[in-house]
Number of protein chains: 4
Amino acid sequence: MTDHRAPRYDKRTETIMRATLDLAREVGYAKLSIEAVAARAGVGKHTIYRRWPSKGLLFHDSLLTLNEPVLDYPDTGDIMADLRRQIHGTVDLLGTPPWGPLYQALVGEAQHDPAVAASLNERFIRPQEEKTLARLKAAQEQGQISPDFDLDLAMAILSGPLYFRFLITQEPVTHDYIDRILQALFDGMEPRP
Amino acid sequence: MTDHRAPRYDKRTETIMRATLDLAREVGYAKLSIEAVAARAGVGKHTIYRRWPSKGLLFHDSLLTLNEPVLDYPDTGDIMADLRRQIHGTVDLLGTPPWGPLYQALVGEAQHDPAVAASLNERFIRPQEEKTLARLKAAQEQGQISPDFDLDLAMAILSGPLYFRFLITQEPVTHDYIDRILQALFDGMEPRP
Amino acid sequence: MTDHRAPRYDKRTETIMRATLDLAREVGYAKLSIEAVAARAGVGKHTIYRRWPSKGLLFHDSLLTLNEPVLDYPDTGDIMADLRRQIHGTVDLLGTPPWGPLYQALVGEAQHDPAVAASLNERFIRPQEEKTLARLKAAQEQGQISPDFDLDLAMAILSGPLYFRFLITQEPVTHDYIDRILQALFDGMEPRP
Amino acid sequence: MTDHRAPRYDKRTETIMRATLDLAREVGYAKLSIEAVAARAGVGKHTIYRRWPSKGLLFHDSLLTLNEPVLDYPDTGDIMADLRRQIHGTVDLLGTPPWGPLYQALVGEAQHDPAVAASLNERFIRPQEEKTLARLKAAQEQGQISPDFDLDLAMAILSGPLYFRFLITQEPVTHDYIDRILQALFDGMEPRP
DNA sequence: GTCTAAGCGAGACGGTACGTCACGTCTTTCC
DNA sequence: GGAAAGACGTGACGTACCGTCTCGCTTAGAC
């Protein structure tokens, strides 16, 4: 798989990605067409196909490259507060138009196109997981988390319900919802007296 | 929203739905077309459009109607065992071709098409949730679950990680994974001595 | 080979053919595109492809159908005068814009596309030959042409030089040129005393 | 118009022309593309455009340069026999694959592209005519042809029917056909007793 | 013998058109 | 009188070439 991130400095590449996001915002991902992106960017269709093999990967690349998510975890020493802060930030971003629907569409596309799924995992999900795991591990070493607790599982219990709301029931993901999940998780995670 | 379940007895309707599923199995949901369904079913396109407003809803209806999921919860008195049995059954179904990819495609479509999302929730997600909640409630009344535990949250923690694996990381959902989630959930849910 | 003449009464078919000729007149056959014809005719490309398999045959059909050539030979009893009249009429038509260049383009296309060549022969060349031959035969029976003269050859000597000028040297075909050919032909054809 | 013959010694130019003819033989002139010629010749597209302004002229130049036609007329003293020999040779060449179709395509292209028409006339048609006329003139001076016969017309009557068969009816041009035309021409041309 | 300009391969680029597919609507034809 | 069959305008697909252009890399010939 070629690295689509490299040519970020290429002006034309960036023009195309901006046109992609602009159009996606305007008409939605489903009605996005490579033809329209090319027209908007003032570029031949070939120039797009030369860079991305499908609409899905073009969109994914545009979304991630132009919005390099800042997911560096704070480490204040209080794992509960740090997780809370981080996840609140994430859901706030998803609640800010137009990012929610666009990210939703991206995940939707991943269900149809394995290449998008792979790219999504490699460039977005996994890095985020790793940072979260690192932060959890640090907390575990400081004794804030029960030493035998499976941190991978913690990850899943933190992320899963959030995505469930976001993708399946499509209700807004509130801070309160996050807090309740965190609480429930910690009731089981924290060391017993 | 019209009730698409009613004409189950209509032979033509059923033929179309079968053709839909057959084709979806063969070429995948993404490449499914109403044109092809009509041809396969030996039916005019009008006859399809008269019954369903979009490919997404046709597919959703076909999937649910022809595969009426059996999700009646057992109640053996042991909530842990009952949940385990039920969820194992579900993931087994998703692991049986072609249901996994097809359900995945359905959820993917729901991200692009609000009507599919609504239909999915109403006809599939909510009923399942309700049955699970009822079973959890019974367990709570029998003292198997801490009386102040938020059962909605329990639902979310049970479903979320499962969907996360299924939709996002797209790794196989194993029985072991289910068991670990259940365990983690109960370590926090069960009444403390 | 389907008969493209039949649906002359079809209004849409005729609209397309008119648009074809209009565009051919405006930009020339070489720059004619099915895309542009469709746009000009207010018609989908498929509607054109459904009727004609190639640009060449569309053009040929348009040219012949909308300009049903009147090639009924007069028979005044004087074969020389009748041939002269007929051929003068033909070259006059070719000299009247835009027919000359369009017919030239049609013959050019026939060199690249056997289907056009076949169609050109069947629908245009052969009928004309047959009428000319019939007129020559009548003259031969009336003693105006030597009884052992090969009439097919006469045809070739009448048509050949005309096409040679028209296609190869691309000089204008004048009445005088015709007359000289006719004269040369008759010097050899007419019965000797 | 630049003289494209000069750089015959240029190795690269010759490589391109050979690639052109090779490809034309393989896929036909209509499907020939400068892009493909460049690739086949292992040459940049610019290198072709620097030498020829269009596909038509590239093809024409390739055809003529690499197949310098030998059209030097014999002069045995018998004009009939000499014409016969010469024309038989020409049609034999056209009957030898792949020259017939290629020359046909060249004439076809001349109908669409005036530059090709001009080049065809200047480099191929006119020289041939001149040699034929010179031979005819010699014969006329020797009394083999009627002194007042229009030799240009003789040319036209010799070439025209041949091209008519070749381009329009696209039947094979046989030796017999040539002989019959020659005979008919001479019945009118030769001096009467 | 170095420098420099031209020629070169490679191929990216904005375009145009291709011929195909499916959309959702509409019309015709038959049962 | 409803359904199959499929024609229709529309719009997008992904591909092929067009003719122009920009890259570095030779490669002579002029100094």
Side-chain angles (χ1 to χ4, degrees), chain A residues 7 10-13 15-16 27 30-55 58, chain B residues 10-13 15-16 23 27 30-39 41-56 58, chain C residues 7 10-13 15-16 27 30-39 41-55 58, chain D residues 7 10-13 15-16 27 30-56 58:
Chain A
D10 178 345
K11 192 176 289 183
R12 205 167 339 233
T13 303
T15 303
I16 295 169
V27 305
K31 290 186 183 168
L32 188 66
S33 75
I34 289 188
E35 197 115 10
V37 172
R40 171 73 65 101
V43 132
K45 283 200 281 178
H46 226 50
T47 305
I48 296 180
Y49 283 111
R50 203 176 286 123
R51 288 167 167 72
W52 298 275
S54 68
K55 166 180 148 180
L58 162 60
Chain B
D10 178 344
K11 191 177 287 183
R12 213 180 320 250
T13 303
T15 304
I16 295 169
L23 275 171
V27 304
K31 291 186 183 168
L32 188 66
S33 74
I34 290 188
E35 200 114 8
V37 171
V43 131
K45 287 200 282 175
H46 241 42
T47 308
I48 295 181
Y49 282 112
R50 202 173 291 122
R51 287 167 168 74
W52 297 274
S54 70
K55 164 181 149 180
L58 161 61
Chain C
D10 179 343
K11 191 176 288 184
R12 207 169 335 235
T13 302
T15 304
I16 295 169
V27 304
K31 290 186 185 169
L32 188 66
S33 75
I34 290 189
E35 197 114 9
V37 171
V43 131
K45 283 199 281 179
H46 225 49
T47 305
I48 296 181
Y49 282 113
R50 204 176 287 122
R51 288 167 166 72
W52 298 276
S54 69
K55 165 181 149 180
L58 161 61
Chain D
D10 179 345
K11 191 178 287 182
R12 209 173 330 241
T13 303
T15 303
I16 295 169
V27 305
K31 290 187 186 169
L32 188 66
S33 74
I34 290 189
E35 200 115 6
V37 171
R40 171 72 66 100
V43 133
K45 285 200 282 177
H46 239 43
T47 306
I48 296 181
Y49 282 111
R50 201 176 289 123
R51 288 166 167 75
W52 298 274
S54 70
K55 164 180 150 180
L58 161 62

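Since this is a predicted model, take the numbers as computed values, not measurements. Lettering of chains follows the sequences in order, A, B, ..., and the numbering in each one begins at 1.
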Chemist: Do B:Tyr49 and B:Ile34 pass the side-chain contact (heavy atoms from CB on, under 4.5 Å) test, and can you show the C-alpha distance, the side-chain angles, and the key distance before you say yes or no?
Modeler: CA-CA 9 Å; B:Tyr49 282 112; B:Ile34 290 188; 3.9 Å; yes

Chemist: Over how many whole Å does the gap from B:Ile48 atom CD1 to E:dA22 atom P extend?
Modeler: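 Roughly 13 Å, once rounded to whole Å.
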
Chemist: Rounded off to whole Å, could you give me the CD1-to-C1' distance for the A:Ile16 and E:dG14 pair?
Modeler: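 So the CD1-C1' distance, A:Ile16 to E:dG14, works out to 11 Å.
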
Chemist: Over the length of the helix from E:dG1-F:dC31 to E:dC31-F:dG1, how much do the five-pair end axes diverge, rounded to 10 degrees?
Modeler: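 The angle separating the two end axes equals 20°.
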
Chemist: Any chance you could lay out the side-chain contact (heavy atoms from CB on, under 4.5 Å) test for A:Leu32 and A:Leu58, step after step, and finish with the verdict?
Modeler: CA-CA 11 Å; A:Leu32 188 66; A:Leu58 162 60; 5.9 Å; no

Chemist: Run the side-chain donor-acceptor check on residues 36-44 of chain A: report pairs under 3.5 Å with partners two or more places apart or on a different chain.
Modeler:
residue	atom	partner	partner atom	Å
A:Arg40	NH1	A:Glu26	OE2	3.2
A:Arg40	NH2	A:Glu26	OE1	2.8
A:Arg40	NH2	A:Glu26	OE2	3.4

Chemist: So if I define the base as every atom that isn't primed, P, OP1 or OP2, how would nucleotides 8-19 of chain F read as a B/S/- string at a heavy-atom cutoff under 4.0 Å?
Modeler: BSB-SBBB-BBB

Chemist: Suppose we screen for side-chain hydrogen bond (donor to acceptor under 3.5 Å, both in side chains). Which residues come up paired with D:Lys45, at least two apart in sequence or across chains?
Modeler: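 D:Lys45: side-chain hydrogen bond (donor to acceptor under 3.5 Å, both in side chains) contacts with D:Glu35.
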
Chemist: Please list, chain by chain and in numerical order, all residues satisfying side chain to side chain contact (heavy atoms under 4.5 Å, CB included) with A:Arg50, sequence neighbours excluded.
Modeler: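 With sequence neighbours excluded, A:Arg50 shows a side chain to side chain contact (heavy atoms under 4.5 Å, CB included) to A:His46, A:Thr47, given in chain and number order.
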
Chemist: Might you work through the side-chain contact (heavy atoms from CB on, under 4.5 Å) test for D:Arg51 and D:Asp10, ending with a clear yes or no?
Modeler: CA-CA 11 Å; D:Arg51 288 166 167 75; D:Asp10 179 345; 2.9 Å; yes

